[in-house]
Amino acid sequence: MAVHWADVYAEKIIREKGEKDPYVCASGITPSGTVHIGNFREIISVELVVRALKELRRNVRFIYSWDDYDVFRKVPKNMEDKQTLEQYLKKPITLVPDTTGRWANYAEANEKDLEALLHQVGVDPVYRYQAEKYRNSEYAEGIRTALKERDTIRDILNKHRTQPLAEDWYPVSVFCTSCNKNTTRQLGWDGNYRLSYACDSCGNEETVDLRNTAAVKLPWRVDWPMRWEYEGVDFEPAGKDHHSEGGSFDTAREISREVYGYQAPVTFQYDFVRIKGRGGKISSSSGEVVGLSDVLEIYQPEIIRYLFAGTRPNSEFAISFDLDVLKIYEDYDRCERIYFGKETVSEKRREKERRIYELSQVGEVPAAMPYQLPFRHLCNLLQIHDGDVNGVLERISEIEAQQRPRLEQRAQCAWNWITTFAPESFRFSLRSPDAAPLELEKEEKQAVDETIGVLENFQLSDDESADEKRLGEALYSVPESAGLDGKSYFKLMYRVLIEKDRGPRLAGFLLTTGLERVLRILSVYR
RNA sequence: GGGCCGCUAGCUCAGGUGGUAGAGCAACAGCCUUUUAAGCUGUGGGUCACAGGUUCGAACCCUGUGCGGCUCACCA
């Protein structure tokens with residue numbers, strides 16, 4: 001029996017939809033603003049199910065629909081040049097300019113930014129652009145069907161509305177072909193393809209033909225079921241905002257069956273994603289929106305997948321930017337060790353972790369266990385070397401060339417985290433050998449002096465952990481002979497090295513830093 | 001008002017198909033007589049929100065109650 005929810009849903013799709021070739025799995029959102037990490041849950045959820053289906057040897061078509069024929073309703077807080085954008089309200093978002101100047105229009109800017117990132121996390125659907133489809137009148141038949149069944153649709157929608165829709169309501173929304181705004185009223189329909197409207201903004205009145213106009217669009221609650229039938233969608237999850245009773249999935253299910261004669265796709269509801277630990281550190285460029293790009297700054301792609309693959313869709317969870325980051329990396333490494341049998345756990349646990357690990361990979365599962373460089377240790381190494389990612393990695397002889405890219409990513413994430421979100425107590429930087437010496441008491445001076453002696457006489461061997469032990473022991477003798485208690489001595493060493501009262505375990509820290517470098521820093525006390 | 005989710009150790013949360021509760025953090029103790037804890041080892045700690053029910057047996061299934069959160073009833 002399947003242990004992971006993605007496999008459970010894959011099996012459910014096959015059971016409920018019967019054998020098909022291919023199965024169509026769909027996801028989609030509107031690019032009417034920066035796409036945030038909550039939206040990502042939608043697409044990663046589908047991607048995991050797509051993988052599960054493929055592993056059951058079924059063909060799958062994975063489509064992602066950008067609803068970029070959506071109306072530009074309001075200017076999001078985080079956009080540049082809001083004044084310009086305001087002039088485009090009520091027009092389709094494909095006609096709104098990209099005020100950053102990088103892309104052809106507003107919708108495309110939000111789309112392309114995300115598409116590039118999705119590839120990095122192993123998500124590669126076939127992208128569908130609604131604006132293109134509507135403008136090419138590809139949905140003409142679907143729209144005509146909706147018009148024919150307008151009474152049925154109105155009744156279905158009215159069951160859940162407070163204010164019933166008017167008798168002369170049409171299940172369409174029209175962008176005026178003269179001013180492009182959706183401030184229009186329908187005047188009539190010929191029972192076939194011809195629809196008349198009047199625009200309240202510019203006064204334009206005309207009759208368009210569904211087969212060759214770009215003006216007519218279906219409202220969301222009708223558009224969705226129409227596309228299920230059009231694409232033959234078998235699976236599409238949705239957020240809890242769509243999944244309440246009387247919500248859009250509910251009405252879409254009914255419209256799909258009653259109007260389009262199509263059985264709604266298998267679905268599930270996913271909960272929202274919260275953000276934790278960005279207090280006071282919200283990046284200026286992105287406003288309050290935390291997007292996939294922000295998460296990729298801190299988490300490697302595999303680990304982002306791990307977060308989503310390891311959580312049941314129907315429960316809320318937080319993506320953390322605080323100290324939890326350490327735990328997440330440790331959890332992932334542990335999952336990896338369990339996968340490769342380097343750590344034993346109960347069979348039940350193992351089975352689950354294995355599956356989560358597989359689903360977390362961007363590409364193929366590595367043939368052998370990758371070299372693990374603990375995130376915490378990496379944070380120390382990078383701080384010793386001022387964020388020099390390559391310098392740090394080059395010092396580690398165990399790293400094989402093919403593992404380098406992943407470790408570079410991890411190191412970059414570690415450095416990003418240290419410099420943006422890590423708590424102050426976690427950060428340090430080595431004092432420069434040129435910095436003016438701190439004022440020390442007589443005993444302290446002597447202790448530093450003796451430490452220098454210990455370090456100068458210390459012979460390195462091949463065994464790092466033995467060295468650390470030996471050095472540790474050698475250091476113990478220093479405070480006593482200098483007339484300091486152990487506690488003050490360690491505090492003193494951290495002060496002269498990093499100007500803090502505490503730091504990484506001393507002996508290992510000195511060795512990792514390099515004794516020569518430590519001696520240079522200490523030499524000003526001679 | 002309808003719907004969904006949650007309530008498990010001090011905190012954050014795990015606990016497919018019922019078999020007598022578990023991990024991380026925190027706390028505490030120890031770690032070659034003096035050791036910073038961001039290392040290692042170990043220990044303690046829970047009426048599984050409450051009340052009923054089904055069962056030989058319930059954190060888990062059923063009913064109800066309370067508390068908290070989200071969501072729909074505009075738009076998408």
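Lettering follows sequence order; numbering is per chain, from 1.
Taken to the nearest 0.5 Å, the CG atom of A:L165 stands 9.5 Å off from the CG atom of A:D155. The CZ atom of A:R227 sits 4.5 Å away from the OG atom of A:S65 when rounded to the nearest 0.5 Å. A distance of 5.5 Å separates CD in A:E254 from CZ in A:R257, rounded to the nearest 0.5 Å. Considering CZ of A:F72 and CD1 of A:I93, their distance stands at 8.5 Å, rounded to 0.5 Å.
Annotation: B:A26 and B:U43 have their C1' atoms spaced 14 Å apart (nearest Å). Nucleotides B:C28 and B:G19, compared at atom C1', are 33 Å apart to the nearest Å. The same atom, P, is picked in B:G44 and in B:G24; the two are 14 Å apart, to the nearest Å. Using P as the reference atom, B:G15 and B:A23 are 14 Å apart when rounded to the nearest Å. The C1' atoms of B:C60 and B:A14 are separated by 14 Å, rounded to the nearest whole Å. To the nearest whole angstrom, the two P atoms, one in B:C50 and one in B:U8, are 10 Å apart. Taking atom C1' in both B:C61 and B:U17, one finds a spacing of 11 Å when rounded to whole Å. Between B:U47 and B:A21, the distance separating the two P atoms is 13 Å to the nearest Å.
For A:S244 and A:R334, each mapped to the nucleotide of RNA chain B holding its nearest heavy atom, the one lying further toward the 5' end belongs to A:R334. Where A:T30 and A:P504 meet RNA chain B, the nucleotide closest to each residue was compared, and A:P504 sits on the side nearer the 5' end.
For A:R161, taking side-chain heavy atoms from C-beta onward, the closest of the listed nucleotides B:A76, B:A38, B:C75 is B:C75. You'll find that the side chain of A:N380 is closest to B:A38, out of B:A73, B:C32, B:A38. Closest to the side chain of A:R274, out of B:C13, B:C72, B:C75, is B:C13. If you check B:A76, B:G24, B:A38 against the side chain of A:D70, the one that comes closest is B:A76. Of the candidates B:C70, B:C13, B:A38, the closest approach to any side-chain atom of A:F428 belongs to B:A38. Side-chain atoms of A:K327 lie closest to B:G24 of the nucleotides B:A76, B:G2, B:G24. Set against B:A38, B:C74, B:C72, the side chain of A:Q163 has B:C74 as its closest nucleotide.
Here A:G503 lies in heavy-atom contact (under 4.0 Å) with a base. When heavy atoms are screened at a 4.0 angstrom cut-off, A:H243 is found touching no nucleic acid atom at all. If you check every strand for non-hydrogen atoms under 4.0 Å, A:Y489 touches nothing.
Atom-to-atom, CE of A:M226 to P of B:A76 comes out at 13 Å; the value is rounded to the nearest Å. Rounded to whole Å, the distance from CG on A:L323 to P on B:A26 is 10 Å. Nucleotide B:U33 holds its P atom 15 Å from the CG atom of A:L475, rounded to whole Å. Protein atom CD of A:Q269 is 14 Å distant from nucleotide atom C1' of B:G2, rounded to whole Å. With rounding to whole Å, A:L165 atom CG is found 12 Å from B:A73 atom P. Put simply, CZ on A:F249 is 19 Å from C1' on B:C75, counting in whole angstrom units. To the nearest angstrom, P of B:G2 lies 19 Å from NZ of A:K159. For the pair A:Y69 OH and B:C75 P, the computed distance is 20 Å after rounding to whole Å.
Taking all atoms of both residues into account, the shortest heavy-atom contact from A:Y525 to A:L438 is OH-N, 3.1 Å.
If you check B:C56 for Watson-Crick or wobble pairing at under 3.5 angstrom, you find it paired to B:G19. Of all nucleotides present, only B:G66 satisfies the Watson-Crick or G-U wobble test against B:C7, with each distance under 3.5 Å. Pairing for B:C75 is absent, judged as Watson-Crick or G-U wobble with the two contacts each under 3.5 Å. For B:U36, there is no paired nucleotide, since no Watson-Crick or G-U wobble pair has both relevant distances below 3.5 Å.
Listed pair A:R221 / B:A73 meets the phosphate criterion, a side-chain N or O lying under 4.0 Å from OP1 or OP2.
Aromatic ring pairs are classed by plane angle as parallel below 30°, tilted from 30° to 60° and perpendicular above 60°; the pair A:H243 and A:F249 is parallel. In this pair, A:Y299 and A:Y329 present their aromatic rings parallel. The plane angle is below 30°, not in the 30 to 60° band.
In summary, of the residues considered (A:E111, A:E132, A:E115), a side chain to side chain donor-acceptor pair (under 3.5 Å) with A:W66 occurs for A:E115 alone.
Contacts of residues 306-315 of chain A with RNA chain B (heavy atom under 4.0 Å): A:R312, A:N314. Proximity of residues 490-500 of chain A to RNA chain B (heavy atom under 4.0 angstrom from any strand atom) is restricted to A:F490, A:Y494.
Here A:F317 and A:F308 bring their ring centres to under 6.0 angstrom of each other.
Taking 4.0 Å as the cut-off between side-chain N and carboxylate O, A:E55 and A:R355 count as a salt-bridged pair. With respect to A:K445 and A:D449, no salt bridge is recorded, no charged nitrogen being found less than 4.0 Å from a carboxylate O.
Legend: salt bridge (charged side-chain N to carboxylate O under 4.0 Å, His left out) pairs involving residues 307-321 of chain A, not counting sequence neighbours, sorted by first then second residue: A:R274-A:E316.
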